[in-house]
Amino acid sequence: MAVKIKLKRLGKIRQPHYRIVVADSRTRRDGRAIEEIGLYHPTYNPSRIEVDSERAQYWLSVGAQPTEPVMAILKLTGDWQKHKGLPAPAPLLQPATKEDKRASFDAFAKSIEGDDAKGEAITPKAKKADKKADEAEASSTESTEA
């Protein structure tokens, strides 16, 4: 019996989330699984990935073959490298907080202050007096044409 580590799709139409499962290779995508060893939520920012490393190592050691998407997830978590005896990957990046984003924005704003940019609009706002003058000019040309 060939065993695969694959993704089982759950969720609504445009809100998918997956479970990483160990199943017989002949079962359908969302069919019965032998064991669930993790979660994958791609719609979260950043993606939520949870893998039971101990169980993943066990199933890889007994010959279970991961599908391509699962192999990519296992490479991100470092389980594939651990199984193959390769060096561990760099840790996953954590999302920047609002304070970090604000600090980087302020640093960028200070760096361009020395330039000619003053943070103002490029085109000046039209003044009401100019609009009235334009309307008067337009009406005087209409009256001369008539």
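In this chain, residues are counted from 1 in sequence order. Values reported hereafter were calculated over all heavy atoms of this structure, with side chains retained and with hydrogens, waters and symmetry mates removed. Here the structure is a predicted model, which is why all the values come from computation and not from measurement.
Counting heavy atoms from C-beta outward, Val21 and Ile5 have side chains that stay 4.5 Å or more apart. In this structure the side chain of Arg48 never reaches within 4.5 angstrom of the side chain of Tyr40, judged on heavy atoms. Residues Leu60 and Leu74 have side chains in contact (heavy-atom distance under 4.5 Å, counting atoms from C-beta outward). Using a 4.5 Å cut-off on side-chain heavy atoms (C-beta onward), Pro69 and Tyr18 make no contact. For the pair Ser25/Val3, no side-chain contact is recorded, criterion being any heavy-atom separation below 4.5 Å from C-beta on. Put simply, the side chain of Leu76 reaches to within 4.5 Å of the side chain of Ile49, judged on heavy atoms.
Closest approach of Pro66 to Met71, counting heavy atoms only: CG-CE, 3.9 Å. Heavy atoms only, all atoms of each residue included: Pro16 and Pro42 are closest at O-CD, 3.8 Å.
Evaluation of the ring-ring contact (aromatic ring centres under 6.0 Å, His included) rule for Tyr44 yields His41 as partners, not counting sequence neighbours. With sequence neighbours left out, the side chain to side chain donor-acceptor pair (under 3.5 Å) criterion links Glu36 to Arg19. Partners of Trp59 by side chain to side chain donor-acceptor pair (under 3.5 Å), not counting sequence neighbours, listed by chain and number: Glu35.
In this structure, OG1 on Thr67 lies 8.0 Å from CD1 on Ile73, to the nearest 0.5 angstrom. Annotation: the span from Gln57 atom CD to Ile37 atom CD1 amounts to 9.5 Å, rounded to 0.5 Å.
Each of Leu10, Leu39, Leu7 was scored for a side-chain contact (heavy atoms from CB on, under 4.5 Å) with His17, with one residue passing: Leu10.
Listed by first and then second residue, the salt bridge (Lys or Arg N to Asp or Glu O under 4.0 Å) pairs involving residues 74-87 amount to none (not counting sequence neighbours).
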Using atom types as modelled, flag every donor-acceptor pair under 3.5 Å from a side chain in residues 27-34 to any protein atom, sequence neighbours excluded.
unit_1: Thr27; atom_1: OG1; unit_2: Lys6; atom_2: NZ; d: 3.4
unit_1: Thr27; atom_1: OG1; unit_2: Asp24; atom_2: O; d: 2.8
unit_1: Asp30; atom_1: OD1; unit_2: Arg9; atom_2: N; d: 3.0

